[in-house]
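Naming: A, B, ... by sequence-line order, numbering from 1 per chain.
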Number of protein chains: 2
Amino acid sequence: MGFMSNESKSLLGLLEAAPIKARFNDADIKAIHSLQISLKRYPPHTVVYNQGDAVRSVYITNSGWGCVYRDLPSGDRQIMDFPLRGDTVGLRMPAVFNYNTYASITEMSVFEISQHALNAIVLRSPYLSNGIMALMARQRAFLIEHLTNLGRRNALVRTAHLLLEMGVRAKHSGMGTEKGYSCPLTQYELADALGLTAIHVNRMLRELREQNLVAFRYGEVEFINRPGLVRLANFDENYLAMGMFTDFK
Amino acid sequence: MGFMSNESKSLLGLLEAAPIKARFNDADIKAIHSLQISLKRYPPHTVVYNQGDAVRSVYITNSGWGCVYRDLPSGDRQIMDFPLRGDTVGLRMPAVFNYNTYASITEMSVFEISQHALNAIVLRSPYLSNGIMALMARQRAFLIEHLTNLGRRNALVRTAHLLLEMGVRAKHSGMGTEKGYSCPLTQYELADALGLTAIHVNRMLRELREQNLVAFRYGEVEFINRPGLVRLANFDENYLAMGMFTDFK
DNA sequence: CGCCTTGTTGACAGGCTTCAATACTGGTGG
DNA sequence: CCACCAGTATTGAAGCCTGTCAACAAGGCG
C-alpha cells in the first residue's frame, strides 16, 4: 500500500528527491524548466518502446516497476533489468534500431526526455548533463553485475543476489526497508532475468526459504536472515551506490 | 602480421579512421587539439585500471586486444567484453569505486581522456560529445548482447555467437575479413567470457569445427560456412553497427 | 462460481562441470 | 640445436545442476 504513491509531479521533483537527491542552483532549475519533457503513465504490462523501434528519447522512471528485455526468435527472452524510480532507460544510438523492449510490470509513470531536450541539457547545464551521465553509468553497473550473475554464479546464489539487489534499490527509492519489500515480479519474470526456468526459480526460492534466509511469497520479499543471505550471495551493495549529482562539483 | 600496426598516432586520427569514421569541422578539430589526452601503451597482459580504483578517465582503444572483467572472491572471473580499436572503456561514476578491471591481452595502445578533458568536450563541442555518447551506447549494446548470450543460449550457440561478434568487430576495425580473423584469445579467456569452463569451450570448438562451420586454431578463426554459422547462432550483426558521428547532424 | 494465471512438486533426461591424464606449442637456456 | 618447461589444448569418465515433462494446487478476477 502506498508504495506506488511514491511519485513526483515534475522531473525537477524526481531529481531532487530520493534516490537521486540532486541539489540545483537557479540556472540549473531554469534549464530544466525550459526542457521539453513529458510525464507518461502506463497500465501494467504495457510496452513503452519496442525492439526495432527507432527510439529517440531517454526515459527516467518516476514510479512503479518496469522491465527492459530482449526477445529472441526462439520465443525466449532475457530481461536485462527491472528499472525503478530514478533509473534511466534507453540510451540513444543514432541511426541504429533498438535491440530491447521497455515495458511496465505494475502501473508505471516515467519522464520522457526527447533527443532534442537532451541535447539542450548538454549545452545549457554541464552539471545536469554530468548528472544524467552518472545515472547512465549506474545502469551500466547493473548490467555488469547481472552479467556476472549469469556467468559465474549458480542458480541459488544468483536468485539470492537478485533479491538482495532489488531490495537495496527498492529501499533507495523509498519502497522498502532492511526487513523486506513489496515485489510484484512473478517467478516467470525472475526466471527470464536469471537465465533459469520458472520451475527452477521456484525450487531455489523454496531452498532459500527453508534455509531461513529469505521468503518471497504473496508479492512480498521478507529478509529473515539478511547477513546470512549477503554471505551466501557474496553481495556487495556498493555497486548500487548512486553517483550523486553533488559529487561532480 | 601487420594487424597490430593498425594504429593511429592521435585521437583525431583514430576518430576519423575505421571503424568510427567521424568527419569534423575546424571547430571540432580545434576542440580536440585543446584536450588533455595521452596515448598509452601496454605490454600483453597488463592492467590498465583495477577493480577498486577510483577511475577518473575514459579510454578509447587504439590498437590491440584487451578485456574488461570482474573478479569474484571465489577466484572466478567474468569477462564483460574484449574491446578493440575504437571501443570505449570506463564510464565514470563519481565517488563510486570501479567494479571492473581493464587489462591488455596483446600489446595494446589506448587514448586516455581525463575527466577534466571530458567535461571540456561536453562544453566545447556538442557534436563531439554526442559522438562519444554514441560510442558508449554501442558498448552498452555489446553488454546487452552478452547478457542475452549467457542467459538464453546454450554453450554451442553461445560460442558461435561470440566468434561471429568478434569477427564483425575485428572486420570493422580493419583486422579481418568475411573469411576469418586473427584472434589471440585462449580457450580460458573465451570460457571466462562465455560463462563456461575452458574444457567445455574446447568441446564446443571441436563441435563447430566438425560441423564445418568455423575453425578456431593456432590463433586464427576461419569461417568455413559462415551462413550456416549465422543461422545456428541466430546472429544479427545490426546491433554491432556504429552509430556514426555524422548521423547526429 | 469458474476460468486463467501463477505457483508447486516429482521423476527423469541432458548439458555442463569436475577430476584426471596426456599431448601440444612456443619460448628459454644449456 | 636440442632439451626443457610452463602454459595451452585435448580427451574420457563420472556426477551434479538445471531443464523438460507432467500433474495438480492456489489465487485472482470476471
Side-chain angles (χ1 to χ4, degrees), chain A residues 43-45 65 67 72 74-79 105-107 149-163 182-211 214-222 232, chain B residues 1 43-45 65 67 72 74-79 105-107 149-163 182-210 214-222 232:
Chain A
H45 299 289
W65 286 63
C67 65
L72 296 180
S74 61
D76 289 332
R77 67 169 179 169
Q78 176 62 45
I79 294 180
I105 288 176
T106 64
E107 274 209 329
N149 225 9
L150 292 192
R152 286 293 178 229
R153 294 199 260 253
N154 67 30
L156 189 70
V157 172
R158 209 184 296 177
T159 306
H161 201 280
L162 184 61
L163 291 179
S182 290
C183 177
L185 305 178
T186 67
Q187 294 181 357
Y188 289 89
E189 285 160 340
L190 281 177
D192 285 342
L194 292 169
L196 299 168
T197 59
I199 294 167
H200 204 61
V201 167
N202 182 286
R203 291 188 191 113
M204 297 302 101
L205 290 176
R206 172 152 54 97
E207 178 74 19
L208 291 171
R209 203 186 313 130
E210 284 173 359
Q211 288 190 23
V214 59
F216 178 23
R217 307 187 97 162
Y218 319 117
E220 295 290 328
V221 173
E222 181 192 351
L232 170 74
Chain B
M1 330 245 84
H45 300 290
W65 287 62
C67 66
L72 295 181
S74 61
D76 288 332
R77 67 169 180 171
Q78 177 61 46
I79 293 180
I105 288 177
T106 65
E107 275 210 329
N149 225 8
L150 293 192
R152 287 293 178 229
R153 294 199 261 253
N154 67 29
L156 188 71
V157 173
R158 211 185 293 176
T159 306
H161 201 281
L162 184 61
L163 291 179
S182 289
C183 177
L185 304 178
T186 67
Q187 293 180 0
Y188 289 88
E189 286 161 339
L190 281 177
D192 285 342
L194 292 169
L196 300 168
T197 58
I199 294 167
H200 203 61
V201 167
N202 182 286
R203 293 193 182 105
M204 296 302 101
L205 290 176
R206 170 153 54 97
E207 178 75 19
L208 291 171
R209 202 185 314 130
E210 285 173 0
V214 59
F216 178 23
R217 307 188 97 163
Y218 317 117
E220 294 290 328
V221 173
E222 182 192 351
L232 171 72

Exercise. Is the backbone N or O of A/A215 less than 3.5 Å from a side-chain atom of A/R209, with the two atoms forming a donor-acceptor pair by type?
Worked result: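 Pair absent, no side-chain N/O of A/R209 close to backbone of A/A215.
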
For this session: Would you check if the side chain of B/E220 reaches a backbone N or O of B/C183 as a donor-acceptor pair within less than 3.5 Å?
Result: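 Checking the backbone N and O of B/C183 against the side chain of B/E220, no donor-acceptor pair under 3.5 Å is found.
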
For this session: Under the ring pair (Phe, Tyr, Trp, His ring centres under 6.0 Å) rule, collect the residues that match up with A/H161, sequence neighbours excluded.
Result: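 So A/H161 forms a ring pair (Phe, Tyr, Trp, His ring centres under 6.0 Å) with A/F235.
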
Once you round to the nearest 0.5 Å, how far does [atom1] of [X] lie from [atom2] of [Y]?
X: A/L194; Y: A/T159; atom1: CG; atom2: OG1; answer: 5.0 Å
X: B/Y188; Y: B/I199; atom1: OH; atom2: CD1; answer: 7.0 Å
X: A/L196; Y: B/R152; atom1: CG; atom2: CZ; answer: 7.5 Å

Using nucleotides 21-29 of chain D, report all nitrogen or oxygen pairs with the protein that are shorter than 3.5 Å.
none

Using OP1 and OP2 only, check whether a side-chain N or O of [X] sits under 4.0 Å from [N].
X: A/N202; N: C/dT8; value: yes
X: A/R153; N: D/dT18; value: no
X: B/R206; N: D/dT10; value: no

Seminar exercise, completed: Numerically ordered, the residues 190-198 of chain A set in heavy-atom contact under 4.0 Å with DNA chain D is A/G195, A/L196, A/T197

Distance, rounded to the nearest Å, where [X] contributes [atom1] and [N] contributes [atom2]:
X: B/R209; N: D/dA9; atom1: CZ; atom2: P; result: 11 Å
X: A/L205; N: C/dT6; atom1: CG; atom2: C1'; result: 13 Å
X: A/R152; N: D/dC17; atom1: CZ; atom2: P; result: 16 Å
X: B/M204; N: D/dA9; atom1: CE; atom2: C1'; result: 15 Å
X: B/F216; N: D/dT8; atom1: CZ; atom2: C1'; result: 11 Å
X: A/R158; N: C/dC16; atom1: CZ; atom2: C1'; result: 12 Å
X: B/H200; N: C/dG15; atom1: NE2; atom2: C1'; result: 6 Å
X: A/E189; N: C/dT5; atom1: CD; atom2: P; result: 14 Å

Exercise. Which nucleotide in the set D/dT8, C/dC16, C/dT9 lies at the smallest distance from any side-chain heavy atom of B/T186?
Worked result: D/dT8

Problem set entry | Pairwise side-chain contact, A/Q187 with A/H200, heavy-atom cut-off 4.5 Å (strictly under) |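 Side-chain contact under 4.5 Å: no.
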
For this session: Determine, step by step, whether A/M204 and A/L190 satisfy the side-chain contact (heavy atoms from CB on, under 4.5 Å) criterion, reporting the C-alpha distance in whole Å, the side-chain angles of both residues, the deciding distance to 0.1 Å, and the verdict.
Result: CA-CA 11 Å; A/M204 297 302 101; A/L190 281 177; over 6 Å; no

Problem set entry | Set of residues satisfying side-chain hydrogen bond (donor to acceptor under 3.5 Å, both in side chains) with respect to A/E222, sequence neighbours excluded |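 Result, side-chain hydrogen bond (donor to acceptor under 3.5 Å, both in side chains) vs A/E222: none returned.
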
For this session: Please name all residues satisfying side-chain hydrogen bond (donor to acceptor under 3.5 Å, both in side chains) with B/N149, sequence neighbours left out, ordered by chain then number.
Result: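 side-chain hydrogen bond (donor to acceptor under 3.5 Å, both in side chains) check on B/N149 returns B/R153.
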
For this session: With sequence neighbours left out, write down each residue that passes salt bridge (Lys or Arg N to Asp or Glu O under 4.0 Å) with B/R203, or none if nothing qualifies.
Result: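 Partners of B/R203 by the salt bridge (Lys or Arg N to Asp or Glu O under 4.0 Å) criterion come out as none, since no residue qualifies.
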
Seminar exercise, completed: Walking DNA chain C from its 5' end, the first of B/A155 and A/Y188 to be reached, judged by nearest nucleotide, is A/Y188

For this session: Using the test side-chain contact (heavy atoms from CB on, under 4.5 Å), find all partners of B/A193 that sit at least two apart in sequence or belong to another chain.
Result: B/I79, B/F82, B/L162

Seminar exercise, completed: Overall bend of the helix from C/dC1-D/dG30 to C/dG30-D/dC1 (five pairs an end, 10° steps) is 40°

